[in-house]
*Asks:* 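I have a structure I would like to understand better, so I am pasting it below and will then ask my questions one at a time.
Since the structure is predicted, the reported quantities are computational estimates derived from the model, not experimental observations.
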Amino acid sequence: MDRPRPDVSLAHPDDPVFLAWLQVLSHAFDHDFEEDLGSPGGRAFLRATFTDNGGVPARLFAPLVDEHRRVHAERVVTALLARASRDTGRTFDVPVHHEWSDEPDGIGRVSVGHEPVEGLDPVDIAVAAAEGVQCHLADRERLVWPLCPAHRTGLHATRTPDGAAWVCSVTHHVVAPVPS
């Protein structure tokens, strides 16, 4: 599911069976999954999931979403903690939590520290995970990280046209990509 694949092998976004499946899921989860078709990563996840699993029911779709979010969040946290360690010379541990839903057909909750990770697009997941790492380091370690090298102020994880990035809070310039 994480590997790039040619679009020709994926369900077409205008396929009526695919769209009907999204409507069933949208009703089951009270979330408009057709809106997720607007982001490249969300569209890729939904199309790949449908191609690989067909019109899987909500109770089987929910764990796929949970796993997708967890895997991407863990990957981002691992990369960010390695960078934080290089930058500071310290080792940190920021937990990635996963809680199954209390509802039989519900999507569970993934969080980094105390920050929830939502969305289907890996860019959105990366932004949320970066915010979780940053908040955890600030709350637990009293550390503002990462810093803008030009202004020595804290950066903010933001979705940009090029993906997830650390953006300076002073001039709003992109300082570095956030791994996604």
Side-chain angles (χ1 to χ4, degrees), residues 1-5 7 29 31-33 35-49 62-101 106-180:
M1 195 166 12
D2 291 337
R3 283 178 249 122
R5 43 179 15 179
D7 277 349
F29 295 115
H31 171 84
D32 186 356
F33 283 100
E35 286 183 7
D36 292 301
L37 294 175
S39 70
R43 181 174 51 252
F45 172 75
L46 290 169
R47 290 174 65 198
T49 300
L64 298 174
V65 173
D66 290 344
E67 183 71 2
H68 174 72
R69 288 177 178 161
R70 185 190 61 77
V71 165
H72 282 287
E74 286 177 349
R75 185 178 304 139
V76 171
V77 168
T78 298
L80 290 175
L81 291 180
R83 181 169 169 215
S85 181
R86 282 192 310 272
D87 290 353
T88 66
R90 297 168 54 193
T91 302
F92 304 102
D93 181 36
V94 177
V96 177
H97 299 288
H98 173 259
E99 300 169 26
W100 294 106
S101 174
I107 294 174
R109 177 185 160 113
V110 174
S111 59
V112 173
H114 294 294
E115 297 295 316
V117 175
E118 297 176 343
L120 298 178
D121 193 317
V123 173
D124 296 329
I125 295 169
V127 168
E131 289 174 357
V133 167
Q134 193 175 46
C135 289
H136 188 85
L137 294 179
D139 293 345
R140 301 291 167 101
E141 304 292 334
R142 303 291 183 236
L143 174 68
V144 176
W145 179 89
L147 295 175
C148 175
H151 300 102
R152 304 302 299 161
T153 60
L155 300 174
H156 295 283
T158 305
R159 182 184 186 97
T160 70
D162 295 325
W166 290 112
V167 175
C168 176
S169 58
V170 175
T171 62
H172 307 289
H173 66 278
V174 172
V175 174
V178 172
S180 56

*Asks:* Check the pair Val133 / Phe92 against side-chain contact (heavy atoms from CB on, under 4.5 Å), numbers first and verdict last.
*Replies:* CA-CA 10 Å; Val133 167; Phe92 304 102; over 6 Å; no
*Asks:* Do Val178 and Trp166 have side chains that approach each other closer than 4.5 Å (heavy atoms only, starting at C-beta)?
*Replies:* yes
*Asks:* Using every non-hydrogen atom in the two residues, find where Val144 and Gly154 come nearest and quote the distance to one decimal.
*Replies:*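 What the structure gives for the nearest pair is CG1-CA, 3.8 Å.
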*Asks:* Find out whether Val94 and Leu81 are in side-chain contact, i.e. whether some heavy atom of one side chain is under 4.5 Å from a heavy atom of the other.
*Replies:* yes
*Asks:* How many angstroms lie between atom CZ of Arg75 and atom CG of Leu80, to the nearest 0.5 angstrom?
*Replies:*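 Answer for the CZ-CG pair, Arg75 versus Leu80, is 12.5 Å.
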*Asks:* Give me the atom names and distance for the closest heavy-atom approach of Gly113 to His97.
*Replies:*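 Smallest heavy-atom distance, with atoms named: O-CD2, 3.5 Å.
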*Asks:* Let me confirm one number: the NE2-CD distance from His72 to Glu67, rounded to the nearest 0.5 Å.
*Replies:* 10.0 Å
*Asks:* Indicate yes or no for a side-chain donor-acceptor contact from Ser169 to the backbone of Leu155 under 3.5 Å, with no hydrogens or angles considered.
*Replies:* no
*Asks:* Between Ser111 and Val117, is there a side-chain heavy-atom distance shorter than 4.5 Å?
*Replies:* no
*Asks:* If only side-chain N and O atoms count, and only distance matters, is there a donor-acceptor pair under 3.5 Å linking Thr171 with His173?
*Replies:*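 Per modelled atom types, His173 and Thr171 side chains form a pair under 3.5 Å.
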*Asks:* Can you see which heavy atom on Gly38 is nearest to which on Arg43, and at what distance?
*Replies:*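 So the two residues come closest at C-NH1, 4.2 Å.
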*Asks:* Contact between Asp36 and His31 at the side-chain level, heavy atoms closer than 4.5 Å - yes or no?
*Replies:* yes
*Asks:* Should we say atom CZ of Arg140 is surrounded by more than 12 heavy atoms from elsewhere, each under 6.0 Å from it?
*Replies:*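 Not more than 12 within 6.0 Å, no.
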*Asks:* Please report the shortest heavy-atom distance between Ala73 and Val96, naming the atom on each side.
*Replies:*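 Heavy atoms only, the tightest pair is CB-CG1, 4.2 Å.
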*Asks:* State the OG1-CD distance between Thr158 and Glu131, to the nearest 0.5 angstrom.
*Replies:*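 Between atom OG1 of Thr158 and atom CD of Glu131 there are 7.5 Å.
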*Asks:* So which heavy atom on Leu137 is nearest to which on Ala84, and how close?
*Replies:*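 Shortest heavy-atom separation between Leu137 and Ala84 comes out as CD1-CB, 4.5 Å.
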*Asks:* Using every non-hydrogen atom in the two residues, find where Asp121 and Gly41 come nearest and quote the distance to one decimal.
*Replies:* OD2-N, 3.0 Å
*Asks:* The test is side-chain contact (heavy atoms from CB on, under 4.5 Å); show your working for Asp124 and Glu118 and say whether it passes.
*Replies:* CA-CA 7 Å; Asp124 296 329; Glu118 297 176 343; over 6 Å; no
*Asks:* For side-chain contact (heavy atoms from CB on, under 4.5 Å), just list the numbers for His68 and Thr49, CA-CA rounded to whole Å, side-chain angles, deciding distance to a tenth of an Å, and then say yes or no.
*Replies:* CA-CA 10 Å; His68 174 72; Thr49 300; over 6 Å; no
*Asks:* Quick check: are there more than 12 heavy atoms from other residues, nucleotides or ligands sitting under 6.0 Å from NE2 of His151?
*Replies:* yes
*Asks:* Check whether Thr160 reaches the backbone of Asp162 with its side chain - one donor and one acceptor, N or O, closer than 3.5 Å.
*Replies:*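 Yes, because the side chain of Thr160 sits within donor-acceptor range (under 3.5 Å) of the backbone of Asp162.
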*Asks:* Would Arg90 and Trp145 count as a side-chain contact (heavy atoms from CB on, under 4.5 Å) here? Give the steps.
*Replies:* CA-CA 12 Å; Arg90 297 168 54 193; Trp145 179 89; over 6 Å; no
*Asks:* Under 3.5 Å, side chain of Ser180 to main-chain N/O of Pro122, donor-acceptor pair present?
*Replies:*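 No; judged by distance alone, with no hydrogens or angles, the pair does not exist.
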*Asks:* Start with the C-alpha distance between Arg70 and Asp66, add both sets of side-chain angles, then the distance that settles salt bridge (Lys or Arg N to Asp or Glu O under 4.0 Å), and finish with yes or no.
*Replies:* CA-CA 6 Å; Arg70 185 190 61 77; Asp66 290 344; over 6 Å; no
*Asks:* As an exercise, state the distance from CG of Leu147 to SG of Cys168, rounded to the nearest 0.5 Å.
*Replies:* 10.0 Å
*Asks:* With no hydrogens and no angle check, is any side-chain donor or acceptor of Arg152 less than 3.5 Å from a backbone partner on Pro149?
*Replies:*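 Not at all, since once roles are kept as given, no pair shorter than 3.5 Å links the two residues.
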*Asks:* How many angstroms lie between atom OG1 of Thr88 and atom CZ of Arg83, to the nearest 0.5 angstrom?
*Replies:* 11.0 Å
*Asks:* Enter the distance from Cys148:SG to His172:NE2 here, rounded to the nearest 0.5 Å.
*Replies:* 11.5 Å
